[in-house]
Amino acid sequence: MSTTGASADPLAALGSLPGVAESVESVRKAVDRVYGHRVMRRRSNEITSEAALRGARGSAALSGADWALEEVRRRTDFSADAEGRVVGAALRLTAEAGQLLSIWRQSPLRVLARLHLVAAASGDGPVGRPRQAGEPVDEPLIELPLPDAREVSGRLEGLADLIIAGSSAPALVTAAVVHGELLALRPFTSYNGVVARAAERIVLIGSGLDPKAVCPAEVGHAELGRASYLAALDGYVSGTPEGMAAWIGHCGRAVELGVRESTAVCEALQRGAA
């Protein structure tokens with residue numbers, strides 16, 4: 001996201017793009033509905049745990065490891081093959097995100113480095129830092145042109161400055177920009193997709209929109225499908241007002257679908273079926 005010549009609060013300016021205000025309001029109403037569910041008043045910890053599991057499954061699916069939910073729930077060893085490692089990374093990141101909320105607003109780059117370290121675990125190659133010139137990127141499902149290391153460094157610093165400065169932008173807008181920028185940059189040599197979606201989760205939780213982490217956008221992104229996800233990302237990368245609005249709208253629909261998933265969990269618990 002370029003901020004050259006932009007307003008003092010470029011994130012807030014995105015909120016005035018056509019259709020964005022409607023997306024923001026629709027998301028807010030959906031989130032309020034699930035938080036108002038009677039089961040949330042008594043069993044919110046169970047909803048949070050289930051949302052984390054389902055969110056991790058959705059994030060892994062978008063990175064090529066599309067496992068059934070019960071398989072994710074059943075497995076204990078995620079190191080046997082490439083898909084298992086992706087699922088394991090998504091699960092670890094979902095668990096880690098809640099521990100990094102207090103650091104995010106002061107040091108987002110430190111948080112991103114930590115997320116990559118957690119995702120990569122003991123994997124080979126450089127971990128916990130942005131890639132350097134000449135280092136390859138293993139992110140086969142995203143085929144956009146890859147920015148060079150110098151551009152990555154500059155844009156990461158710009159993104160961090162925006163977060164540290166704070167913004168009056170709605171949480172959905174900030175989360176969508178963080179998510180889109182990390183996917184566009186692919187700043188690490190691996191696991192950029194799951195890191196980007198974990199960062200989106202941190203923004204949604206830390207902003208107060210979803211403080212109990214019961215609205216897993218990752219579920220919605222997976223349900224909308226990889227083709228739709230990548231098409232919306234193309235809009236973000238284009239930098240046009242229409243493309244940016246389309247990406248923010250896509251992220252909004254993903255949150256609403258995550259709300260729908262957790263509402264279904266609430267209903268199942270209320271019936272005694274889960």
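Remember, it's a predicted structure, so these values are computed and weren't measured experimentally.
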Check whether [X] reaches the backbone of [Y] with its side chain - one donor and one acceptor, N or O, closer than 3.5 Å.
X	Y	result
Y236	I248	no
S262	C215	no
R155	V152	no
S16	A13	yes
S167	A169	yes
S26	S23	no
W67	V87	no
E181	V178	no
T94	A90	yes
D9	S168	yes

For the residue pair [X] and [Y], what are the closest heavy atoms and their distance?
X	Y	result
A95	Q99	O-CG, 4.0 Å
W247	A176	NE1-O, 2.7 Å
V127	A120	CG1-CB, 3.4 Å
A89	A119	CB-O, 3.4 Å
V86	S63	CG1-CB, 3.8 Å
C266	V34	SG-CG2, 4.5 Å

I'd like to check [X] versus [Y] (side-chain heavy atoms, cut-off strictly below 4.5 Å). Are they in contact?
X	Y	result
E70	R73	yes
L115	L100	yes
W104	L112	yes
K212	M40	yes
P126	R131	no
R150	Q132	no
P216	R201	yes

- Step by step, work out the side chain to side chain contact (heavy atoms under 4.5 Å, CB included) result for L183 and N192. CA-CA 7 Å; L183 286 178; N192 289 287; 5.6 Å; no
- Query: What class does the angle between the rings of H250 and H221 fall in, given that below 30° is parallel, 30 to 60° is tilted and above 60° is perpendicular?
  - Reply: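 Judged by the thresholds at 30° and 60°, the geometry between H250 and H221 is parallel.
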- Query: Between H116 and F188, what is the ring plane arrangement, given parallel below 30°, perpendicular above 60°, and tilted in between?
  - Reply: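 The rings of H116 and F188 lie parallel, inter-plane angle below 30°.
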With rounding to the nearest 0.5 Å, note down the distance linking [atom1] in [X] to [atom2] in [Y].
X	Y	atom1	atom2	answer
L162	E157	CG	CD	11.5 Å
E223	S228	CD	OG	11.0 Å
Y229	L62	OH	CG	5.5 Å
T174	I163	OG1	CD1	8.0 Å
R74	L69	CZ	CG	12.5 Å
L230	R226	CG	CZ	7.5 Å

- Task: Could you go through the salt bridge (Lys or Arg N to Asp or Glu O under 4.0 Å) check for R186 and E139 one step at a time?
- Result: CA-CA 8 Å; R186 281 145 291 160; E139 202 72 43; over 6 Å; no
- Start with the C-alpha distance between S44 and V214, add both sets of side-chain angles, then the distance that settles side chain to side chain contact (heavy atoms under 4.5 Å, CB included), and finish with yes or no. CA-CA 8 Å; S44 64; V214 297; 5.7 Å; no
With the 4.5 Å side-chain cut-off for hydrophobic clustering, are [X] and [Y] part of the same group?
X	Y	result
I103	L204	yes
Y35	V255	yes
L257	L172	no
L93	L53	no
L109	V177	yes

- Message: side chain to side chain contact (heavy atoms under 4.5 Å, CB included), that's the test. Do R43 and R38 meet it? Break it down for me.
- Response: CA-CA 9 Å; R43 304 176 71 174; R38 62 187 300 179; over 6 Å; no
- Message: Would you say that more than 12 heavy atoms from the other residues, nucleotides or ligands in this model lie under 6.0 Å from the CD of Q106, or not?
- Response: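 Atom CD in Q106 is crowded, with more than 12 foreign heavy atoms closer than 6.0 Å.
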- Within 6.0 Å of CZ in R110, more than 12 heavy atoms from elsewhere: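 Not more than 12 within 6.0 Å, no.
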- Message: Quick test of your reading of the model: are E256 and R260 salt-bridged, counting only N-O distances below 4.0 Å?
- Response: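 No, no charged N to carboxylate O under 4.0 Å.
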- For the pair D81 and R85, find out whether any cationic side-chain nitrogen is under 4.0 Å from an anionic carboxylate oxygen.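 Not counted as a salt bridge, because no side-chain N and carboxylate O are separated by less than 4.0 Å.
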- Task: Taking atom types as modelled, find out whether R197 and S59 have a side-chain donor-acceptor pair closer than 3.5 angstrom.
- Result: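 Yes, because at least one side-chain N or O of R197 sits under 3.5 Å from a partner of the opposite role on S59.
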- Would you sort out whether L182 and L156 count as a side chain to side chain contact (heavy atoms under 4.5 Å, CB included), showing the intermediate values? CA-CA 8 Å; L182 293 174; L156 281 179; 4.0 Å; yes
- Message: Show, in sequence, the C-alpha distance, side-chain angles and deciding distance for R57 and E71, and conclude whether the salt bridge (Lys or Arg N to Asp or Glu O under 4.0 Å) test is met.
- Response: CA-CA 10 Å; R57 192 218 73 82; E71 178 69 5; over 6 Å; no
- Task: Could you walk me through whether D138 and Y191 pass side-chain hydrogen bond (donor to acceptor under 3.5 Å, both in side chains), step by step?
- Result: CA-CA 8 Å; D138 180 15; Y191 295 107; over 6 Å; no
